[in-house]
Amino acid sequence: MEFDPIPIGSCSKQQQAIYKDWFNYADSDSDGRITGSDATKFFSMSNLSRQDLKQVWAIADTKRQGYLGFSEFIIAMQLVSLAQSGHSITPDLPTSNVDFTNLEPPVMDGLDALLTKKKHKHREVETNGSSQLQPSPSRNWFSSNSTKKVPLSSVTSIIDGLKRLYLNKLKPLEATYRFNDFVSSLLTNSDFDAKPMVMLLGQYSTGKTTFIKHLLKRAHIGPEPTTDRFVVVMSGSDERTVPGNTVAVQADMPFSGLTTFGTAFLSKFVCSQMPHPLLEHITFVDTPGVLSGEKQRTQRAYDFTGVTSWFAAKCDLILLLFDPHKLDISDEFNRVISSLRGHDDKIRVVLNKADQVDTQQLMRVYGALMWSLGKVLKTPEVMRVYIGSFNDMPVNDVATGPLGKELFEKEQDDLLSDLKDIPKAACDRRINEFVKRARAAKIHAYIISHLKKEMPAMIGKSKAQQKLIDNLAAEFGKVQREFHLPPGDFPNVEYFRERLSGYNIDKFEKLKPKMIQAVDDMLAYDIPNLLKNFRNPYD
């Protein structure tokens, strides 16, 4: 199973220098991003049809961010060059046999004169003061000193738009009703900008670490053995391992929320950085093997289920690994899978080491696995199961036969295709998770304010609080009926009761309709308008 980088986007240093000058000219506000309005002005110099330019933008902006960075700009220019030479711009063109490295830059009508004019202006600016690239203003939005509302004019991408909506409308609701104490920590800038993540879960020796090594073609991915800790495998300029306590306080990494699990967890958490083309697009989360047997749960010095649930909310794909000899779902694994409720669309199952059994046994193993999962997931829908042997060893033909080998190869290709699609859908996933979070925060606000309303004004507060906690399921029902909310969106009663017992309900805030209305408006109008503003500019 090979993950080959797409050849498009590669070019000589001479061409890169040309494209850099063009990019700086097209980038009107010098923030390192070419938005739709910038692109329509610049691309018009190519004299291509609107339909061709629509295809160029759709292929170059594969992540649907609403803007082109420098690497995406190079891809766009190469596509323009191919269109000018008579090629049809189709989605499969980037993976074709075209020699992109030696592809000549496109002809841009009148661009040379405009560049010369800009250089003269640039020299005049340098005489009076320095001119340099302006970083994206969104970096400063999350600073503790920033108290002003973020203006719409600062937004230059869909992700920037989500950051603005979060700070202006959703974060005030979360902070008021202590959403970060009950459900999820407040978001930071790095949470929005993080690369897509893939988490691997499974019992010991199901091949989680070997799976990542196989994809990266590496002998190791961190400290050995890696199965006793959480290991985040991400891109870096050189190979190094960063301890968990250090990772959790780095502002450019999306792991600050893990500090809530304490030093006992952070000592079992590391980040392994290395240069690799796949890691430039995806971050992997390798997890310790899930324990078998209820009694072994006490050996954990931290909340294992809570940590996996935290990562599940951040991840774009969750792979549950099994092997033919470990199909039993232990008590801890049952809790872990149950904690993934609400993330069903992210879950994929991998039946690994499938070449250790023959075809007849494999059919029985597959059926037993589906039966076991059905009992835990409690859903009639069957999730996608990939069957194969994901390691560097050749497939065992003696056990599987020619049909088994062909099946494994097709399954591996399907899984690889699923992984390749993750970066393309990253922006859509961010929007999806943001909307889910907004709805969860709204329901949380309704619950908290309802409990506050049920408290007496003067005497008997402790008894009233205990009664509310004991009858929490009934109180959830009252909130659901009063505000016409979906019952499936409410949090787990037992978990919420456990968290609630440590708080004084009387200190909670009353319902603030203006805050709820702001979030409703955000979901109904602001997010649709944001997507409309940053769609393909040639639509």
Side-chain angles (χ1 to χ4, degrees), residues 1-5 9-10 32 69-71 135-136 139 142 185 187-202 204 207-289 301-302 304 307-308 310-319 321 390-392 419-420 422-423 426:
M1 187 166 63
E2 299 285 344
F3 194 101
D4 298 319
S10 56
F70 181 54
S71 58
S136 174
R139 293 186 180 185
F142 288 81
S185 55
L187 298 179
T188 63
N189 189 61
S190 57
D191 289 316
F192 287 93
D193 293 335
K195 292 185 178 80
M197 288 196 284
V198 176
M199 177 168 66
L200 289 85
L201 285 169
Y204 280 97
K208 300 183 298 297
T209 306
T210 304
F211 180 90
I212 300 175
K213 291 177 182 177
H214 176 57
L215 278 178
L216 302 180
K217 301 298 178 188
R218 295 280 178 151
H220 70 280
I221 56 169
E224 301 291 347
T226 58
T227 48
D228 70 338
R229 65 193 71 196
F230 282 80
V231 182
V232 171
V233 186
M234 63 193 309
S235 178
S237 56
D238 55 353
E239 291 195 27
R240 65 186 188 123
T241 301
V242 185
N245 283 285
T246 306
V247 175
V249 296
Q250 287 190 237
D252 60 339
M253 291 190 179
F255 305 113
S256 58
L258 291 171
T259 53
T260 57
F261 297 102
T263 307
F265 165 70
L266 293 176
S267 63
K268 292 288 186 181
F269 173 54
V270 296
C271 174
S272 179
Q273 294 182 322
M274 62 186 73
H276 194 279
L278 177 55
L279 296 179
E280 291 175 9
H281 305 284
I282 299 174
T283 295
F284 289 95
V285 181
D286 189 16
T287 61
Y302 58 91
F304 180 80
V307 173
T308 54
W310 187 93
F311 273 111
K314 304 282 183 184
C315 284
D316 295 66
L317 192 69
I318 302 166
L319 297 179
L321 272 76
F390 301 94
N391 54 53
D392 294 330
L419 289 172
K420 282 182 176 180
I422 291 174

Residue pair F255, L258: steps toward the side chain to side chain contact (heavy atoms under 4.5 Å, CB included) verdict: CA-CA 6 Å; F255 305 113; L258 291 171; 3.9 Å; yes

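- Using a 4.5 Å heavy-atom cutoff, the side chains of T308 and L201 are in contact.
- Annotation for K195 and E280: closest pair CE-O, 2.8 Å, computed over non-hydrogen atoms.
- To the nearest 0.5 Å, the span separating CD1 on I212 from CD1 on I282 amounts to 11.0 Å.
- The line from CD of E239 to OG of S272 is 7.0 Å long, rounded to the nearest 0.5 Å.
- Closest of all the heavy-atom pairs between K268 and R229 is O-CB, 3.0 Å.
- Checking side-chain atoms of H276 against main-chain N and O of L216 turns up a donor-acceptor pair under 3.5 Å.
- Of the possible donor and acceptor atoms, one in the side chain of S267 sits under 3.5 Å from a partner among the backbone N and O of T263.
- Taken to the nearest 0.5 Å, the CZ atom of F284 stands 7.5 Å off from the CG atom of L200.
- Remark: C271 SG to Q250 CD distance equals 7.5 Å, nearest 0.5 Å.
- Here the closest heavy-atom approach between residue P254 and residue S190 is recorded as CA-OG, 3.5 Å.
- K208 approaches D286 most closely through the heavy-atom pair CB-OD1, 3.6 Å.
- Closest heavy-atom contact between Q273 and G236: CB-CA, 4.1 Å.
- Taking the charged nitrogens against the carboxylate oxygens, D191 and K314 do have a contact shorter than 4.0 Å, which makes a salt bridge.
- In this structure, OG1 on T188 lies 9.0 Å from CG on D193, to the nearest 0.5 angstrom.
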Show the numbers, then the answer: is there a side chain to side chain contact (heavy atoms under 4.5 Å, CB included) between V242 and V270? CA-CA 6 Å; V242 185; V270 296; over 6 Å; no

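- No donor-acceptor distance shorter than 3.5 angstrom exists from the side chain of T283 to the backbone of L279, with no hydrogens or angles considered.
- A248 and T259 make their closest contact through CB-CG2, 3.7 Å (heavy atoms, listed as atom of the first residue, atom of the second, distance).
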Go through L319 and F211 one step at a time and tell me if the side chain to side chain contact (heavy atoms under 4.5 Å, CB included) criterion holds. CA-CA 11 Å; L319 297 179; F211 180 90; 3.9 Å; yes

Does the pair F230 and F265 meet the rule for a ring pair (Phe, Tyr, Trp, His ring centres under 6.0 Å), with working shown? CA-CA 9 Å; F230 282 80; F265 165 70; 5.5 Å; yes

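- Considering D316, L278, L317 in turn, L317 is the only one that fulfils the side-chain contact (heavy atoms from CB on, under 4.5 Å) rule with L419.
- Ring to ring, F269 and F261 are not that close: their centroids are 6.0 angstrom or more apart.
- For the atom pair T246 OG1 and M253 CE, the distance stands at 9.5 Å (nearest 0.5 Å).
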